[in-house]
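Along the sequence shown, the residues carry numbers beginning at 1. Atoms within each ligand, like the ligands themselves, are counted from 1 in listed order.
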Amino acid sequence: MALKTVRSVAELRAAVAAWRRAGESVGLVPTMGALHRGHISLVEAARTHCRRSIATIFVNPKQFGPREDFARYPRQEEQDRTLLDAVGCDLLFAPPLSEMYAEGFATTVSLVGVTDRWEGEARPGHFAGVATVVTKLLLQAMADKAFFGEKDYQQLQSVKRMVRDLDIPVEIVGCPTVRDADGLALSSRNAYLSETERKVAPALYRAITGVAAAAREGHDLDATIEAATAALLKAGFAAVDYLALVDAATLAPLATLDRPGRVLAAAKLGAVRLIDNVAAIPR
Ligand code: PAF
């Protein structure tokens, strides 16, 4: 296996320093593991843009709420390493908890505005956990570019905002969501879906694409969202946390599609909470 694994920040920095001395550019792909084709597409993007690619695997406790799935989040490093090796990733950084949050760790990075609504409202503390760990990973690796999926659209916009605000010298590259043939966005949490739930799950993609098309056609947005919500509940979803048209950059709600927008949704299917989004492009 060509893929090298390091567990300490010192080893990570030594590897990056050697590449820098050789004049090689570096791309970073932060993940929490349980890798699927979506993650692999990020590594492929890193390999296209940069001479060297680093993937990180760290299941970050700070971004999970007390009643969320931190304990049972899938951990499968051996399998992940095989996938990373096959795609030609150069380095895996998989630190233990103590390397990331040493005794006495006392710092939190948090944003306002872009994180206020949607996932921020549904999952208090989540984005502070993400921002804190992503800041650390970016500063640890000091890569030229870092790659994030559009699947977690609010996370992507928050990371872009944070990097601008804090002058972190890295370019954030957003990469398209990878979907199964029936439209379901790939996610590590899809593994929790039962066979029946898996069949129902693509209704979420149909709902958001329907809302994006209706917004573009200038149809009554409230009525469209109400009908799409009813269709999701009828299909078997237990609850729709939100389904909304928002400004693509600020994520503030939009009443009409008068600028680039995004349709965001989160809905519960059994015990699984799915999120998804698509672009809404004005005529
Ligand atoms: O998107 C994820 O997997 C995580 O939120 C990230 C960016 C790796 C931070 O833990």
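Close approach of ligand 1 to T31 is summarised as follows: ligand atoms under 4.0 Å from at least one heavy atom of the residue are 8 (C). Near V133, the atoms of ligand 1 lying under 4.0 angstrom from a non-hydrogen atom of the residue are 9 (C), 10 (O).
Nearest to atom 4 (C) of ligand 1 by heavy-atom distance, out of Q63, K62, H39, is Q63.
Aromatic ring pairs are classed by plane angle as parallel below 30°, tilted from 30° to 60° and perpendicular above 60°; the pair H39 and H36 is tilted.
At a heavy-atom distance under 4.0 Å, no atom of T56 approaches ligand 1.
Note that NZ of K268 and CG of L274 are 11.0 Å apart. Values are rounded to the nearest 0.5 Å. Here T56 contributes atom OG1 and F93 contributes atom CZ; the two are 7.5 Å apart, rounded to the nearest 0.5 Å.
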query = Please walk me through it: do H126 and F64 pass ring pair (Phe, Tyr, Trp, His ring centres under 6.0 Å)?
reply = CA-CA 6 Å; H126 169 69; F64 290 79; 7.9 Å; no

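Closest non-hydrogen pair, Q157 versus A248, comes out as CD-O, 3.7 Å.
The protein atom (non-hydrogen) at minimum distance from atom 7 (C) of ligand 1 is Q155 NE2, 3.5 Å.
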